[in-house]
There are 2 protein chains.
Amino acid sequence: MKAQIKSYFNRYVDFNDEEIDAIYSKLEEKTFQKKEFLLKENMICRHNYFILKGIVRLFYIDSKGHEKITLFAIDNWWVTNMESFIKETPSTQYLQAVEDITVLSLSKTTLETLYIEHPKLERLFRIIAENMLIANLRKSDLFLQMKSKERYTFFVEHLSAFAQRVPQYMIASYLEITPEYLSELRRNRH
Amino acid sequence: MKAQIKSYFNRYVDFNDEEIDAIYSKLEEKTFQKKEFLLKENMICRHNYFILKGIVRLFYIDSKGHEKITLFAIDNWWVTNMESFIKETPSTQYLQAVEDITVLSLSKTTLETLYIEHPKLERLFRIIAENMLIANLRKSDLFLQMKSKERYTFFVEHLSAFAQRVPQYMIASYLEITPEYLSELRRNRH
DNA sequence: ATTAAAACTTAAGGTATCTTAAGAAATAAA
DNA sequence: TTTATTTCTTAAGATACCTTAAGTTTTAAT
């Protein structure tokens with residue numbers, strides 16, 4: 001467990017063993033069962049989760065009562081509702097385990113004190129925020145340029161880690177396609 | 001000019017006058033005329049621009065030769081092609097002045113040295129990256145939930161600073177609507 | 001003031017995608 | 001194994017939005 005996060009931390013910034021230990025000791029390991037919620041609508045998201053194992057999804061319920069998935073996250077990703085976590089505002093979204101998962105939980109207050117004790121962490125999370133931003137910009141561009149069928153093909157080819165582990169209706173939701181239409185697209189493809 | 005950026009910097013992190021002076025001295029004031037390019041496709045984006053005055057747009061040319069605007073930026077915003085700037089990869093987009101503009105230009109190499117000399121700047125740009133991410137997530141959610149007409153109404157009501165200063169076909173492009181259809185939507189609204 | 005260029009509008013026909021509703025298949029629970 | 005639950009498929013009709021093409025209005029250049 002510690003090896004996993006140590007390797008992750010050192011990918012972006014050089015931390016020595018004492019720093020890793022100090023930071024790691026503030027992280028709380030937790031497990032959630034499939035379908036369990038890490039966050040529900042209207043709650044303020046007080047934690048950022050580092051996924052050690054498993055898949056989670058972030059979604060909201062639209063005006064027609066349908067779930068709309070805005071993000072999937074997998075092993076070695078940080079996941080939270082950014083807006084709620086950063087601005088401490090009520091979440092409009094749910095964060096839910098798609099499989100049984102193990103995470104390291106980092107609270108907002110702990111993070112703030114760690115930033116002061118370990119300025120390097122500020123750099124790490126600056127880089128993480130930049131990477132998240134780039135990933136989100138890429139996703140936006142993808143949706144801007146591609147039709148439904150192309151999005152599905154792209155997802156299957158480039159995000160197969162998810163494609164194999166989440167049900168099709170969740171893929172449809174993430175790709176902004178109705179499950180019925182995705183089913184039709186798949187049929188016409190072979 | 002210095003007052004403007006000083007006020008901006010201190011909104012997020014407390015800098016003293018010497019720090020502001022040291023950082024400010026590394027920023028280069030530049031002007032661009034309407035329609036002039038700050039960045040073109042295939043170039044690596046080596047600068048981050050703080051807009052003192054004016055509006056810029058970030059856009060790419062799609063497979064049919066149409067301009068697709070992905071971002072507008074205005075006074076007191078940082079603007080760059082994030083992916084190209086951070087990863088030092090060729091830009092797929094153009095950055096262009098919509099009006100005559102004045103900016104403060106910060107080069108990537110300068111920024112890297114400033115991070116080391118002034119660790120507080122790491123915090124500032126961590127916060128800026130988080131804010132950009134939140135803004136982008138909000139934009140994505142907007143497009144996910146709203147139909148064309150609603151997006152237009154939202155834009156006019158919430159982003160009137162832009163709505164009044166950019167031509168309608170650019171608004172259409174940003175909202176992912178054809179100019180013809182936007183024209184139709186406007187007609188049917190009153 | 002004239003001309004040229006840029007921006008906006010209108011309308012007809014077409015297409016991608018959604019909605020609704022029902023049934024089939026697969027997976028999990030009893 | 002049987003039943004219940006979840007997931008996936010099929011099909012018909014509806015609609016939001018696009019494409020093309022032409023004409024109008026506004027703004028900029030000569």
Side-chain angles (χ1 to χ4, degrees), chain A residues 33-37 54-55 57 59-69 72 94 96-100 142-156 162-190, chain B residues 33-37 55 57 59-69 72 94 96-100 140 142-156 162-190:
Chain A
Q33 289 191 314
K34 183 175 177 173
K35 296 195 180 170
E36 209 174 331
F37 289 93
I55 292 182
R57 63 174 182 149
F59 70 95
Y60 68 90
I61 310 283
D62 75 5
S63 53
K64 290 174 184 157
H66 297 138
E67 294 175 356
K68 299 276 194 170
I69 297 174
F72 284 121
Y94 298 80
Q96 186 191 36
V98 173
E99 311 170 334
D100 291 355
L142 206 85
F143 279 80
L144 186 48
Q145 293 182 65
M146 294 183 182
K147 301 271 185 206
S148 300
K149 189 182 286 192
E150 296 170 294
R151 293 203 298 276
Y152 178 67
T153 307
F154 183 90
F155 187 86
V156 170
F162 297 100
Q164 289 160 10
R165 288 161 70 182
V166 306
Q168 216 154 96
Y169 76 91
M170 285 192 192
I171 297 176
S173 173
Y174 179 76
L175 295 177
E176 293 171 35
I177 310 174
T178 57
E180 294 85 357
Y181 189 51
L182 179 55
S183 185
E184 190 183 328
L185 290 174
R186 281 162 51 82
R187 171 159 44 100
N188 296 342
R189 226 159 55 86
H190 310 291
Chain B
Q33 289 190 311
K34 183 175 177 173
K35 295 195 179 170
E36 210 175 331
F37 289 94
I55 292 182
R57 63 174 184 150
F59 70 94
Y60 68 91
I61 311 283
D62 76 5
S63 55
K64 290 176 185 157
H66 297 142
E67 296 174 355
K68 300 275 195 170
I69 298 173
F72 285 119
Y94 297 81
Q96 187 189 35
V98 173
E99 313 171 332
D100 292 354
S140 307
L142 207 85
F143 279 81
L144 184 51
Q145 294 182 64
M146 293 183 182
K147 302 273 185 205
S148 300
K149 190 183 288 194
E150 295 171 297
R151 293 203 297 278
Y152 178 67
T153 306
F154 183 91
F155 187 87
V156 170
F162 296 101
Q164 290 162 9
R165 286 160 71 181
V166 306
Q168 214 154 100
Y169 76 92
M170 287 193 191
I171 297 175
S173 174
Y174 178 77
L175 295 177
E176 294 172 35
I177 311 175
T178 56
E180 294 85 356
Y181 190 51
L182 178 56
S183 186
E184 191 182 327
L185 289 175
R186 282 163 48 83
R187 171 161 43 101
N188 296 342
R189 227 160 54 88
H190 309 290

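All figures in this text were calculated on a predicted structure; none of them were measured in a lab. Throughout, a chain's letter reflects where its sequence line sits, starting with A, and its residues are numbered from 1.
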Can you name the residues that form a salt bridge (charged side-chain N to carboxylate O under 4.0 Å, His left out) with [X], not counting sequence neighbours?
X: A/Glu176; value: none
X: B/Arg57; value: B/Glu67
X: A/Glu150; value: none

Answer yes or no: is there a donor N or O on one side and an acceptor on the other, between the side chain of [X] and the main chain of [Y], under 3.5 Å?
X: B/Gln33; Y: B/Asp100; result: no
X: B/Gln96; Y: B/Glu36; result: no
X: A/Ser173; Y: A/Tyr169; result: no
X: B/Thr153; Y: B/Lys149; result: yes

Kindly indicate, with the supporting measurements, whether the criterion side chain to side chain contact (heavy atoms under 4.5 Å, CB included) is fulfilled by B/Lys68 and B/Tyr60.
-> CA-CA 5 Å; B/Lys68 300 275 195 170; B/Tyr60 68 91; 3.5 Å; yes
Apply the test side chain to side chain contact (heavy atoms under 4.5 Å, CB included) to residues A/Arg165 and A/Glu99: give CA-CA distance (whole Å), side-chain angles for both, the deciding distance (0.1 Å), then the verdict.
-> CA-CA 9 Å; A/Arg165 288 161 70 182; A/Glu99 311 170 334; 2.8 Å; yes
For A/Lys64, which residues count as a side-chain contact (heavy atoms from CB on, under 4.5 Å) partner, sequence neighbours excluded?
->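 Partners of A/Lys64 under the side-chain contact (heavy atoms from CB on, under 4.5 Å) test: A/Asp62, A/His66.
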Taking side-chain contact (heavy atoms from CB on, under 4.5 Å) as the test, write out the residues that go with A/Tyr181, two or more places apart.
->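 If we apply the side-chain contact (heavy atoms from CB on, under 4.5 Å) test to A/Tyr181, skipping adjacent residues, the hits are A/Ser148, A/Ile177, A/Thr178, A/Glu184, A/Leu185.
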Check whether the ring centres of B/Phe155 and B/Tyr174 lie less than 6.0 Å apart, and answer yes or no.
->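 Close enough - the centres of the two rings lie under 6.0 Å apart.
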Is any side-chain heavy atom of B/Phe72 closer than 4.5 Å to a side-chain heavy atom of B/Met170?
->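 Heavy-atom side-chain distance check passes, below 4.5 Å.
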Angle, rounded to 10°, between the helical axes spanning five pairs at each terminus of the helix from C/dA1-D/dT30 to C/dA30-D/dT1?
->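 Roughly 50° between the end axes, to the nearest 10°.
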Ring pair (Phe, Tyr, Trp, His ring centres under 6.0 Å) against B/Phe154, all qualifying residues, sequence neighbours excluded |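 B/Phe154 satisfies ring pair (Phe, Tyr, Trp, His ring centres under 6.0 Å) with B/His158 only.
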Partners of B/Phe37 by ring pair (Phe, Tyr, Trp, His ring centres under 6.0 Å), sequence neighbours excluded?
->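 B/Phe37 satisfies ring pair (Phe, Tyr, Trp, His ring centres under 6.0 Å) with B/Tyr94 only.
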Opening and closing nucleotides of DNA chain D in contact with chain A, under 4.0 Å to non-hydrogen atoms |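 The contact span of chain A on DNA chain D goes from D/dT7 to D/dA11.
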Please enumerate all protein N or O atoms sitting under 3.5 Å from an N or O of nucleotides 25-30 of chain C, with distances to 0.1 Å.
none

Could you run through nucleotides 9-17 of chain C and give me one letter per nucleotide, 5' to 3': B if any protein heavy atom sits under 4.0 Å from the base, S if only the sugar-phosphate is that close, - if neither?
-> BBS----SB
Enumerate the residues from residues 60-68 of chain B whose closest heavy atom to DNA chain C is under 4.0 Å, giving them by residue number; use none for an empty result.
->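 The stretch gives none, as no residue of it lies under 4.0 Å from the strand.
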